[in-house]
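Everything below concerns the one structure shown next.
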Amino acid sequence: MICMMNDNVEGLSFSREALSNRSLFLAQLNDINIYVEDVRKEYEYEEIFERLFENNLNIFSIFPLGGKEAVIKGHQSKGLRDSNGKLNIFIVDGDFDNLWDDQKIISPNLIYLTRYNIESYYCSKEAVIKFIRSFLKCTRNEAEAKIHFDAWQQSVRDGLGRLFVLFAIVKRHRPELPNVKLGTGKFLDENGCLIAEEYENYYQMVSQEIGSTDTHIEQIRERIHTQFNGNEDDKVLSVICGKYQFESLCRQLRGCCRKNINREIFRTVLISNFDIQHLSFLKDKILQLMADNLLESNSA
C-alpha cells in the first residue's frame with residue numbers, strides 16, 4: 001500500500017539532502033512498519049502517532065511483539081527493511097536502560113523512549129485539567145484548584161522517585177530480586193502517596209542483599225541528573241514507570257473530587273491530550289530514517 005503525505009508539511013524537518021528531493025519524497029513515500037512492545041495497545045500508538053505527525057502522514061501499521069526482548073529479537077531478525085523495501089521501526093521502553101548506555105543496543109531503527117515507558121508521558125497537567133473540567137462540569141480555574149496537580153507531581157517526584165532509585169539499583173546489581181513488578185498495590189496508599197513503611201521494608205531488603213546503598217543511591221541520582229533533559233522534575237519523572245504515576249494520580253483525584261475515576265475513560269482522555277511535544281524526538285528520528293531510506297533507495 002502506498003501512503004502519501006498531505007501537501008501541508010509544516011513542522012516536518014529533513015536533512016539538506018532530503019529537502020533537495022522533497023517532491024520525490026512526497027510522491028513516493030511508502031508505508032512503514034512500526035513494532036512496539038505492548039500487546040493490545042495498538043490503538044494508543046495510532047492515536048499518539050496521529051497527534052505527533054498532525055495527520056500529515058498516513059503510514060502506520062503497528063505490530064506489538066509482546067515485550068522488549070521480543071522487539072529486540074524482531075529488530076535483529078527483520079533488519080532495516082522488509083522484503084518490499086518498507087522501513088522497519090522498532091520502539092522500546094526506556095526502562096532503566098537510559099541510565100546506562102552499556103545496556104542499550106545502538107541501531108538507527110531501534111528507538112528507546114526517553115522515559116520509562118509510553119505511559120510515563122501521559123500524566124500532563126493540561127490533559128488532567130481537561131478531564132476534570134468535563135468530569136466535574138466545572139470551569140478551568142475550578143478544576144485546576146481542585147486537583148492540586150503541582151503538589152501531586154512533587155509528591156510523586158519525592159516519594160516514587162526515591163522508590164525507583166532503589167528499583168534501579170536492584171535492576172543494575174541484582175536483577176533477580178523483585179523490583180518494579182511488585183506493583184502499585186504494595187507501595188501506594190489510598191491517596192496515591194508512597195507508603196513509608198513499605199518503602200523502608202524494601203530499603204532494608206535491598207541493603208541486606210546488596211550492602212550499603214548510600215553510594216549506589218548517589219550514583220543513580222547523578223546519572224538521572226546527567227542522562228536526562230529538562231528540569232529536575234522531568235528528569236526524575238523519566239525514571240518512574242507510567243503505571244505507577246497513573247495509579248497514583250487516579251487515587252489523588254478520587255480524594256480531591258470525592259468520586260471514583262473511571263480509569264479507562266481517564267486514560268483515553270490523557271492519551272488524546274497529553275503534551276505531545278515530549279515525543280518530538282520520536283518524530284524527528286522517524287522522519288530522518290524515512291528520508292535516509294528514500295535517498296539510499298534512489299541511489300541504489
Side-chain angles (χ1 to χ4, degrees), residues 37 67-69 71-72 91-106 110-124 150-189 192-249 252 278-279 281-282:
E37 294 187 33
K68 178 176 287 187
E69 289 186 7
V71 175
I72 291 174
I91 300 172
V92 293
D93 293 342
D95 298 320
F96 295 122
D97 293 348
N98 288 328
L99 289 170
W100 297 284
D101 292 336
D102 62 356
Q103 292 189 343
K104 300 174 80 169
I105 295 173
I106 306 303
L110 178 64
I111 303 174
Y112 287 78
L113 295 177
T114 57
R115 295 188 177 185
Y116 189 94
N117 54 10
I118 192 66
E119 292 90 347
S120 298
Y121 298 93
Y122 290 173
C123 297
S124 60
D150 294 337
W152 166 78
Q153 192 171 72
Q154 187 64 48
S155 175
V156 167
R157 174 190 166 175
D158 294 344
L160 291 181
R162 288 189 294 132
L163 177 63
F164 271 78
V165 166
L166 286 183
F167 285 157
I169 293 169
V170 170
K171 188 69 173 178
R172 179 69 168 179
H173 300 285
R174 292 291 299 278
E176 73 277 8
L177 296 178
N179 49 80
V180 178
K181 290 185 178 180
L182 285 168
T184 58
K186 179 177 178 61
F187 291 105
L188 295 178
D189 66 16
C193 298
L194 179 68
I195 301 172
E197 183 179 358
E198 291 296 342
Y199 171 81
E200 183 62 27
N201 291 339
Y202 189 73
Y203 176 87
Q204 293 300 328
M205 185 276 288
V206 173
S207 297
Q208 290 174 7
E209 294 289 341
I210 295 178
S212 175
T213 59
D214 292 347
T215 300
H216 294 307
I217 288 173
E218 288 305 313
Q219 288 175 343
I220 297 295
R221 288 175 174 169
E222 178 61 25
R223 295 200 72 81
I224 290 173
H225 178 73
T226 58
Q227 293 289 100
F228 296 96
N229 297 322
N231 59 38
E232 288 306 309
D233 281 345
D234 287 339
K235 291 178 179 181
V236 175
L237 291 171
S238 294
V239 297
I240 300 175
C241 174
K243 294 179 177 65
Y244 278 72
Q245 295 185 47
F246 179 75
E247 181 59 28
S248 172
L249 183 56
Q252 157 82 1
H278 289 301
L279 288 175
F281 78 95
L282 187 58

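Owing to the predicted nature of the structure, the values given are computational and were not obtained by experimental measurement.
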| If you measure only the distance, is there a donor-acceptor pair under 3.5 Å linking the side chains of Gln208 and Gln204? |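 Side-chain D/A pair, Gln208 to Gln204: absent.
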Please find the pair of heavy atoms, one from [X] and one from [Y], that lie closest to each other, and give the distance.
X	Y	value
Pro175	Asn179	O-ND2, 4.0 Å
Tyr121	Thr114	OH-OG1, 2.7 Å
Lys186	Ile195	O-CD1, 3.8 Å
Cys241	Ser120	C-OG, 3.7 Å
Leu99	Ala168	CD1-CB, 3.9 Å

I want to check something: taking the side chain as every heavy atom from C-beta on, are [X] and [Y] in contact at a cut-off of under 4.5 Å?
X	Y	result
Met205	Asn201	no
Lys235	Glu232	yes
Val236	Phe228	no
Leu160	Leu188	yes
Leu237	Gln153	yes

Would you find a donor on one side and an acceptor on the other, under 3.5 Å apart, between the side chain of [X] and the backbone of [Y]?
X	Y	answer
Glu209	Leu177	no
Lys243	Thr184	no
Gln245	Val156	no
Arg162	Asp158	yes
Asn98	Leu113	yes
Ser155	Ala151	no

| task | Using the salt bridge (Lys or Arg N to Asp or Glu O under 4.0 Å) rule, take Asp97 and Lys171 through it: C-alpha gap first, then chi angles, then the decisive distance, then the call. | result | CA-CA 10 Å; Asp97 293 348; Lys171 188 69 173 178; over 6 Å; no
| said: Would you say the ring centers of Phe167 and Phe187 fall short of 6.0 Å from each other? | reply: yes
| Taking the six-membered ring for Trp, are the ring centroids of Tyr244 and Tyr116 within less than 6.0 Å of each other? | no
| request: Look up atom NE2 in His216 and atom CZ in Arg172, then write down how far apart they are to the nearest 0.5 Å. | output: 11.0 Å
| said: Quick test of your reading of the model: are Lys104 and Asp95 salt-bridged, counting only N-O distances below 4.0 Å? | reply: no
| query | Stepwise, does the side chain to side chain contact (heavy atoms under 4.5 Å, CB included) test hold for Ile220 with Ile217? | reply | CA-CA 5 Å; Ile220 297 295; Ile217 288 173; 5.9 Å; no
